[in-house]
Amino acid sequence: MTLRLYNTLTKKKEKFVPIKEGKIGIYVCGITAYDVCHIGHARSAVVFDVIYRYLKYRDYEVTYVKNFTDVDDKIIGKANAEGTDIYDISERYIKEHNEDMDRLGVVRPTVSPKATDNINGMIRLIGTLMEKGLAYVVDGDVYYSVEKFEGYGKLSGRGLDDMLAGARIDVDVKKKNPFDFVLWKSSKEGEPWWDSPWGRGRPGWHIECSVMSQRFLGDTFDIHGGGEDLIFPHHENEIAQSEGATGKPFATYWIHNGFIKVDSEKMSKSLGNTLTIKEILAAYHPEVVRFFILQSHYKSYIDFSDASIAEARVGMERVYTMLKNIKDALNEGADLSDTSEKDLSGEDEKVWGKVSTLPDRFREAMDDDFNTAMAMGYIFDTVRIINGYISKNFAPTRESLFVLNEARERIRELGKVLGLFLEDPDEYFEKDKEREARKSDLDVEEVERLIDERKRARESKDWHRADELRDLLSAMGIIIKDTSISTTWKVK
RNA sequence: GGCGGCAUAGCCAAGUGGCUAAGGCAACGGUCUGCAAAACCGUUAUUCACCGGUUCGAGUCCGGUUGCCGCCUCCA
């Protein structure tokens with residue numbers, strides 16, 4: 001089986017062929033550290049996290065680089081406003097970023113370089129571009145001359161002439177062409193600066209990624225990723241810088257994730273509808289957030305709303321209910337060491353057939369441009385099969401327990417790739433209950449008192465009173481579940 | 001103005017030439033249950049925005065129409 005992925009550069013789904021067999025270098029543009037991360041950052045991070053995990057699952061040796069932009073106008077602005085320096089600001093938001101990502105279960109990249117640790121490299125690269133005649137200096141600013149780079153626009157699919165036609169860009173008299181972009185900016189009063197051959201200044205936005213990708217992955221590497229908004233101008237400019245300097249191809253494959261909208265509107269600071277990761281994690285389990293993101297293909301836009309994330313929570317419960325069913329059936333005591341699939345027959349064998357092929361189907365889906373939506377569809381098929389298996393005439397034999405145990409192993413193995421289904425089901429439901437109770441301001445003691453009262457009513461077969469109490473709880477948003485030994489509850 | 005994307009059931013969402021159009025949520029009927037809940041079984045798109053075309057065969061390819069959206073300015 002071969003991995004195929006959609007390449008923004010060619011606008012086609014292509015067979016993936018790494019530069020060095022068995023090894024993959026991937027570079028993803030990270031955040032500018034000037035504010036807390038929002039749900040959009042979460043999507044990008046989760047999408048590339050799953051890509052990273054899947055490539056490793058497929059036995060590639062992956063070097064994953066994701067940078068932090070720690071010098072930039074907005075960071076400087078915030079530092080000046082707070083009377084501190086840029087490092088104070090960037091370190092604060094990098095720390096917040098890392099906390100958020102850890103909570104979301106996002107695996108740390110192999111390397112997370114910072115722009116300010118690579119200033120010398122940037123100066124060197126800009127020097128090369130000057131030598132090659134691709135850059136020019138005006139009053140201490142260095143600009144990239146886009147007209148000098150053949151192929152400018154190849155990633156975003158637009159030509160310079162097209163763009164000039166109806167361009168909505170400010171005319172900058174210093175630039176030879178309006179699309180020329182700054183490589184090095186002379187620093188003004190109150191701005192951080194570094195010495196350079198062109199005077200004291202600081203780097204432009206795009207140059208850092210060319211330098212850091214080259215440093216950690218080489219002149220040419222396999223995959224470059226980021227949000228779809230970065231295609232132009234950021235990634236286009238990276239190509240111009242890197243290929244202009246080295247004369248070699250930059251990245252082979254370009255992957256861009258789609259945006260998250262909030263209530264069908266683009267999320268933006270100006271609309272005031274940004275939703276931070278912290279806000280969402282206060283209301284939902286991290287796996288629910290991942291599940292919500294991975295339910296759709298990474299390239300399509302997804303619409304975040306209270307209703308859509310709540311629906312993801314319900315879907316998630318379905319999987320954990322199955323894991324709970326397996327856990328209870330196995331009762332953590334069975335010794336299955338001397339059982340194997342050769343011992344199976346009848347229904348056990350049939351279910352085993354479905355269970356054992358799940359990883360193949362999962363892989364087939366993921367190989368097709370990381371189709372997590374389809375992969376999860378297969379997992380849900382398995383959930384239904386297992387629940388059915390347990391519910392009808394289930395006898396806990398050595399064989400059936402073996403099948404259940406194997407099913408759980410498979411789900412967990414694939415869950416590790418998606419970063420899902422990794423909690424103990426009892427803990428999952430316990431946390432969910434706490435979180436939901438907090439959200440709806442429930443008095444948990446009151447709930448448990450009512451459940452206790454209902455329990456007594458049921459024991460004396462006072463069904464009328466028991467139903468009355470259940471209706472009362474239901475009105476409070478509580479759903480109760482009676483089992484042979486106890487009563488459990490959850491928030492609707 | 002330029003470039004690009006999307007349109008699949010009540011909602012969300014897979015599916016890019018060929019068995020009965022995945023899966024989730026919701027709804028309804030049934031099994032189970034004191035009654036529920038959960039789970040399971042069944043039902044819910046003869047049809048994939050619309051109109052043409054290519055093909056033995058199209059949701060899937062081509063052309064056109066309509067509608068929605070994104071990028072072109074910092075943005076994941």
Side-chain angles (χ1 to χ4, degrees), chain A residues 8 11 13 28-32 34-35 37-48 72-74 153 156-159 161-170 179 205 225-234 236 256-261 264-270 274 291-292 295-297 299-303 305 307-308 310-319 321-322 324-325 361 365 368 371-381 383-392 458 461-464 466-467 470-471 474 478-484 487-490 492:
Chain A
T8 310
K11 298 189 170 43
K13 216 186 265 184
V28 174
C29 292
I31 60 153
T32 299
Y34 75 103
D35 206 347
C37 291
H38 53 64
I39 177 77
H41 296 110
R43 183 183 194 184
S44 183
V46 167
V47 161
F48 286 103
D72 146 277
D73 287 347
K74 287 188 289 287
S156 52
R158 45 190 109 192
D161 297 340
D162 295 337
M163 289 193 286
L164 282 171
R168 294 183 352 213
I169 48 171
D170 296 332
F179 288 98
W205 173 36
E228 65 179 9
D229 56 313
L230 298 179
I231 296 171
F232 189 89
H234 185 54
E236 197 69 70
H256 293 96
N257 68 275
F259 267 45
I260 287 191
K261 294 189 185 189
S264 306
E265 274 193 319
K266 185 185 168 177
M267 182 171 61
S268 74
K269 291 259 155 86
S270 51
T274 52
F291 180 84
F292 171 75
Q295 257 180 325
S296 301
H297 186 83
K299 272 204 308 291
S300 57
Y301 83 77
I302 46 183
D303 200 355
S305 65
S308 62
E311 196 180 284
R313 168 178 168 256
V314 178
M316 200 68 195
E317 266 178 21
R318 199 168 149 69
V319 180
T321 297
M322 180 214 61
K324 168 73 174 154
N325 290 343
R361 282 175 286 151
D368 186 10
N371 194 337
T372 52
M374 184 178 254
M376 296 213 298
Y378 289 138
I379 289 172
F380 274 97
D381 283 336
V383 167
R384 196 186 57 249
I385 287 163
I386 293 299
N387 280 335
Y389 181 51
I390 293 176
S391 67
K392 59 181 179 195
R458 291 183 74 224
K461 300 226 186 311
D462 182 355
W463 307 125
H464 179 74
D467 291 351
R470 187 176 52 215
D471 289 346
S474 176
I478 306 296
I479 295 175
I480 52 179
K481 178 184 174 186
D482 297 322
T483 69
S484 51
T487 295
T488 59
W489 63 277
K490 68 172 184 177
K492 179 142 181 55

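Numbers restart at 1 for each chain; the letters A, B, ... are given by sequence-line order, proteins then strands.
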### Task
Please tell me which of the listed nucleotides, C35(B), G70(B), C72(B), lies nearest to the side chain of D467(A)?
C35(B)
### Task
Using whole Å, report how far CG of D381(A) lies from P of C40(B).
12 Å
### Query
Which is true for I260(A) with a 4.0 Å heavy-atom rule: it touches a base, it touches only sugar-phosphate, or it touches nothing?
base
### Query
Within the pair W463(A) and A36(B), is there a side-chain N or O less than 4.0 Å away from OP1 or OP2?
no
### Query
Hey, does D471(A) reach any base, or is it just sugar-phosphate, or nothing, if we go heavy atoms under 4.0 Å?
nothing
### Query
Looking at H256(A) and K299(A), what are the two nearest heavy atoms and their distance?
O-CG, 3.6 Å
### Worked check of side-chain contact (heavy atoms from CB on, under 4.5 Å) between M376(A) and F291(A)
CA-CA 9 Å; M376(A) 296 213 298; F291(A) 180 84; 4.0 Å; yes
### Message
As a test of reading the structure: which of C72(B), A76(B), C35(B) is closest to the side chain of N257(A), going by heavy atoms?
### Response
A76(B)
### Task
Answer yes or no: is there a side-chain heavy-atom contact under 4.5 Å between I386(A) and N325(A)?
no
Polar pairs (N or O, both sides) under 3.5 Å between protein and nucleotides 25-33 of chain B?
none

### Task
Answer with base, sugar-phosphate or nothing: what part of the nucleic acid does I479(A) contact at a heavy-atom distance below 4.0 Å?
sugar-phosphate
### Query
Does K266(A) have a side-chain nitrogen or oxygen under 4.0 Å from the phosphate oxygens OP1 or OP2 of C71(B)?
yes
### Query
Does a nitrogen or oxygen in the side chain of S300(A) sit under 4.0 Å from OP1 or OP2 of A14(B)?
yes
### Message
Can you tell me if Y301(A) is stacked onto the base of G70(B), using a 5.5 Å centroid cut-off and an angle below 30°?
### Response
no
### Query
When you match K74(A) and D303(A) each to their closest nucleotide on RNA chain B, which lands nearer the 5' end?
D303(A)
### Task
Give one of base, sugar-phosphate or nothing for E317(A), where a contact means two heavy atoms less than 4.0 Å apart.
nothing
### Message
When you compare the side chain of R43(A) with that of I302(A), does any pair of heavy atoms fall below 4.5 Å?
### Response
yes
### Message
Identify the stems formed by RNA chain B, where each pair is Watson-Crick or G-U wobble with both distances under 3.5 angstrom and a stem is at least 3 consecutive pairs.
### Response
B:1-7 with B:66-72, B:10-12 with B:23-25, B:27-31 with B:39-43, B:49-53 with B:61-65
### Message
Need one value for H297(A): base, sugar-phosphate or nothing, where a base atom within 4.0 Å counts as base even if backbone is also close, heavy atoms only.
### Response
sugar-phosphate
## Note on the structure
With the side chain defined as heavy atoms from C-beta on, A373(A) is closest, among A76(B), C35(B), A13(B), to A13(B)
### Query
Starting at the 5' end of RNA chain B, which residue's closest nucleotide do you reach first, G157(A) or G377(A)?
G157(A)
## Note on the structure
Whole-Å distance, K11(A) NZ to G70(B) P, equals 19 Å
### Summary
CZ of R458(A) to CG of D482(A), rounded to nearest 0.5 Å, is 3.5 Å
### Message
At 4.0 Å (heavy atoms only), tell me whether N325(A) reaches a base, stays on the sugar-phosphate, or touches nothing.
### Response
nothing
#### Entry: Inter-residue atom distance R470(A).CZ - D467(A).CG, 0.5 Å rounding
4.5 Å
### Summary
Among the nucleotides C74(B), G2(B), A76(B), whichever has the atom closest to the side chain of W205(A) is C74(B)
### Task
State which of C35(B), G2(B), G23(B) makes the closest approach to the side chain of R470(A).
C35(B)
### Message
Heavy atoms only, 4.0 Å cut-off, all strands: where does F259(A) land among base, sugar-phosphate and nothing?
### Response
base
### Message
By the 4.0 Å heavy-atom rule, please label T488(A) as base, sugar-phosphate, or nothing.
### Response
nothing
### Task
Look at all strands and tell whether M322(A) reaches a base, only sugar-phosphate, or nothing, counting heavy atoms closer than 4.0 Å.
nothing
### Message
Students often get this wrong, so: under 4.0 angstrom with heavy atoms, is N387(A) touching a base, only sugar-phosphate, or nothing?
### Response
sugar-phosphate
### Query
Base, sugar-phosphate, or nothing: which does G40(A) touch, judged by heavy atoms less than 4.0 Å apart?
base
### Query
What is the minimum heavy-atom distance between A373(A) and Q295(A), and which atoms define it?
CB-O, 3.1 Å
### Query
Any side-chain heavy atom of F380(A) sitting closer than 4.5 Å to one from R318(A)?
yes
### Message
So G258(A), base contact, sugar-phosphate only, or nothing? Heavy-atom distance under 4.0 Å.
### Response
base
### Message
Please tell me if N371(A) has a side-chain N or O lying less than 4.0 Å from either OP1 or OP2 of A14(B).
### Response
no
### Query
Counting side-chain heavy atoms from CB outward, which of C71(B), A76(B), A37(B) is closest to K481(A)?
A37(B)
### Query
Considering only heavy atoms from C-beta outward, does the side chain of R384(A) approach that of D381(A) to under 4.5 Å?
yes
### Task
Check whether any side-chain N or O of D303(A) sits under 3.5 Å from a backbone N or O of S264(A) as a donor-acceptor pair, and report yes or no.
yes
### Query
Are the charged groups of R158(A) and E236(A) less than 4.0 angstrom apart, N to O?
no
### Task
Identify whether any heavy atom of T483(A) sits under 4.0 Å from a base atom; if not, whether one sits that close to sugar-phosphate; answer base, sugar-phosphate or nothing.
nothing
### Query
Are K13(A) and D368(A) within salt-bridge range, i.e. N to O under 4.0 Å?
yes
### Query
Across the strands shown, which category fits S296(A) at heavy-atom distances under 4.0 angstrom: base, sugar-phosphate, nothing?
sugar-phosphate
